[in-house]
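FYI, side chains are in, hydrogens and waters are out, and symmetry mates aren't considered; it's all heavy atoms of this structure.
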Amino acid sequence: IKLIGEKDGKREEIYEKIVGTNIMHKINKKNIQETLLKSIEVLQKQLDGESSPNGKIDVIIGNEAGWTIIHEAVGHWLEADLQSSSVYKDMIGEKVASELVTIVDNPTTVWERGYYSVDHEWHPAQNAVLIEKWILKSYLHNTKTAKKFGVETTGHGRKETYKHKSLVRMWNTYLLPGKDKKEELISRVKHGIYVSRMWGWQVNTTTGDFVFKVQNGYLIENGQLTKNVRWATLSGNGPEMLHEIYGVCDDLNFFDWGTCGKWQSMPVSDGTPTILTKLKVSGVD
């Protein structure tokens with residue numbers, strides 16, 4: 001669903017999707033009505049919202065925020081066939097994140113969009129631990145890159161059709177949940193924003209820089225969610241962000257609608273719990 005609204009000469013756009021592996025069971029009148037009403041509510045809040053603060057501030061990214069910040073801002077740099085230009089080149093065993101951060105790619109996560117029992121080279125699917133409590137443990141590998149690096153494949157060889165060659169690809173990439181509670185995390189922030197929905201992104205896999213648009217967010221003042229903020233952008237650097245994660249909640253949520261376009265189109269999913277970090281926020285008037 002795409003809605004466009006205008007108020008006092010200011011225009012906003014809202015996107016909502018009905019998604020899922022069992023999609024035909026979700027396309028019904030009830031779900032469409034609920035999604036439309038949710039979209040209208042979000043659009044109204046955006047039109048009535050205020051400008052976002054600017055500068056590098058505390059940012060809480062909610063587990064419902066959606067879009068692929070783990071996939072885009074972290075995952076691609078850990079694919080072995082991209083290591084010639086990756087920011088994580090030759091860093092196995094080094095500290096690359098906050099001690100709160102453990103990131104895996106686990107295609108055995110049942111019924112998520114990236115779930116499979118074997119990869120397209122007939123290797124069993126396995127949970128690949130990429131970053132474990134701040135240490136870079138592994139890259140993602142297919143048969144070709146595993147041989148080059150002198151390691152075992154992680155079962156991440158995929159190809160769009162039998163006509164394509166196998167590439168190293170993500171399946172289900174996610175940040176493991178922590179112990180924090182969302183309400184407690186918000187209470188720790190004196191000045192920042194809470195991001196409840198993102199869309200659109202640009203990522204430079206050589207430098208690690210990224211930009212995400214905030215579709216829906218709230219100002220945090222003295223530990224409380226207050227005013228809705230109009231569209232802002234979040235910008236930062238993936239490796240720096242991983243070092244600046246100060247809270248990870250226990251509310252892991254998956255975003256089950258992705259299709260990755262790394263030279264071939266492949267279904268993927270990713271997920272994050274609610275996290276507290278610091279990013280550059282640019283308000284849009």
Please check: side-chain N/O of [X] versus main-chain N/O of [Y], any donor-acceptor pairing under 3.5 Å?
| X | Y | value |
| --- | --- | --- |
| Ser86 | Leu82 | no |
| Thr154 | His141 | yes |
| Arg169 | Cys260 | yes |

With the side chain counted from C-beta on, respond yes when [X] and [Y] share a heavy-atom pair under 4.5 Å apart, and no when they do not.
| X | Y | answer |
| --- | --- | --- |
| Leu130 | Val104 | no |
| Leu3 | Glu13 | no |
| Trp171 | Met266 | no |
| His243 | Ser98 | no |
| Ser138 | Val129 | no |
| Asp180 | Asp250 | no |
| Leu219 | Pro53 | yes |
| Leu234 | Val59 | yes |

Would you give the length of the straight line joining atom [atom1] of [X] to atom [atom2] of [Y], rounded to the nearest 0.5 angstrom?
| X | Y | atom1 | atom2 | value |
| --- | --- | --- | --- | --- |
| Tyr194 | Leu225 | OH | CG | 7.5 Å |
| Ser52 | Ile57 | OG | CD1 | 6.0 Å |
| Leu36 | Ile32 | CG | CD1 | 9.5 Å |
| Leu167 | Lys144 | CG | NZ | 9.0 Å |
| Lys7 | Leu43 | NZ | CG | 10.5 Å |
| Glu72 | Met170 | CD | CE | 7.0 Å |

Between [Y] and [X], is there a side-chain donor-acceptor contact under 3.5 Å, judged purely by atom types and distance?
| X | Y | answer |
| --- | --- | --- |
| Asn63 | Lys182 | yes |
| Asn172 | Asn106 | no |
| Tyr218 | Lys45 | yes |
| Glu64 | Ser196 | no |
| Glu79 | His76 | yes |
| Asn228 | Asn216 | yes |
| Tyr174 | Thr109 | yes |
| Thr274 | Asp251 | yes |
| Thr143 | Glu121 | yes |
| Thr277 | Glu244 | no |
| Asp105 | His156 | yes |

Which atom pair, heavy atoms only, marks the closest approach of [X] to [Y]?
| X | Y | value |
| --- | --- | --- |
| Asp58 | Lys278 | OD1-NZ, 2.8 Å |
| Ile275 | Leu175 | CG2-CD2, 3.6 Å |
| Trp77 | Pro239 | CZ3-CD, 3.4 Å |
| Ile70 | Gly271 | CG1-O, 4.0 Å |
| Val268 | Thr259 | CG2-N, 4.2 Å |
| Gly247 | Leu100 | N-CD1, 3.7 Å |

Same cluster for [X] and [Y] if Ile/Leu/Val/Met/Phe/Trp/Tyr side chains link at under 4.5 Å?
| X | Y | value |
| --- | --- | --- |
| Leu47 | Ile40 | yes |
| Ile245 | Leu185 | no |
| Met241 | Phe212 | yes |
| Leu252 | Tyr246 | no |
| Val281 | Leu276 | no |

When you look at Ile131 and Val96, which way does the side chain to side chain contact (heavy atoms under 4.5 Å, CB included) test go after all the steps? CA-CA 8 Å; Ile131 299 172; Val96 297; 3.8 Å; yes
Can you list everything that forms a ring pair (Phe, Tyr, Trp, His ring centres under 6.0 Å) with Tyr88? Sequence neighbours excluded, please.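 Not a single residue meets the ring pair (Phe, Tyr, Trp, His ring centres under 6.0 Å) criterion with Tyr88.
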Out of the candidates Val248, Ile61, Asn253, only one should pair with Pro273 under the side chain to side chain contact (heavy atoms under 4.5 Å, CB included) rule; please name it.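 Exactly one option meets the side chain to side chain contact (heavy atoms under 4.5 Å, CB included) with Pro273, and it is Val248.
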For the side chain to side chain contact (heavy atoms under 4.5 Å, CB included) test, which of Asp270, Thr173, Leu136 pairs with Ile103?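 It is Thr173, the one option of Asp270, Thr173, Leu136 that forms the side chain to side chain contact (heavy atoms under 4.5 Å, CB included) with Ile103.
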Would Glu34 and Lys38 pass as an ion pair if we require N to O under 4.0 Å?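 Not counted as a salt bridge, because no side-chain N and carboxylate O are separated by less than 4.0 Å.
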Quick one: do Asp119 and Arg158 make a salt bridge, cutoff under 4.0 Å?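 Answer for the salt bridge query: no.
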Does NZ in Lys213 sit with more than 12 non-hydrogen atoms of other residues, nucleotides or ligands closer than 6.0 Å?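 Atom NZ in Lys213 is not crowded, with 12 or fewer foreign heavy atoms closer than 6.0 Å.
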Quick check on Lys262: does its NZ atom have over 12 non-hydrogen neighbours (other residues, nucleotides or ligands) under 6.0 Å away?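 Enclosed: over 12 neighbouring heavy atoms sit under 6.0 Å from NZ of Lys262.
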Side chain to side chain contact (heavy atoms under 4.5 Å, CB included) evaluation trace for Ile220 with Thr226: CA-CA 6 Å; Ile220 305 176; Thr226 57; over 6 Å; no
Criterion side chain to side chain contact (heavy atoms under 4.5 Å, CB included) on Ile92 and Tyr139, from CA distance to verdict: CA-CA 8 Å; Ile92 297 293; Tyr139 303 126; 3.8 Å; yes
With sequence neighbours excluded, what pairs up with Lys227 under the side chain to side chain donor-acceptor pair (under 3.5 Å) test?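 Counting only residues at least two positions away or on another chain, Lys227 forms no side chain to side chain donor-acceptor pair (under 3.5 Å).
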Please evaluate residues Ile135 and Lys95 with respect to the criterion side chain to side chain contact (heavy atoms under 4.5 Å, CB included), reporting the C-alpha separation (whole Å), side-chain torsions for both, the decisive distance (0.1 Å), and the verdict. CA-CA 5 Å; Ile135 301 299; Lys95 179 180 176 180; 4.3 Å; yes
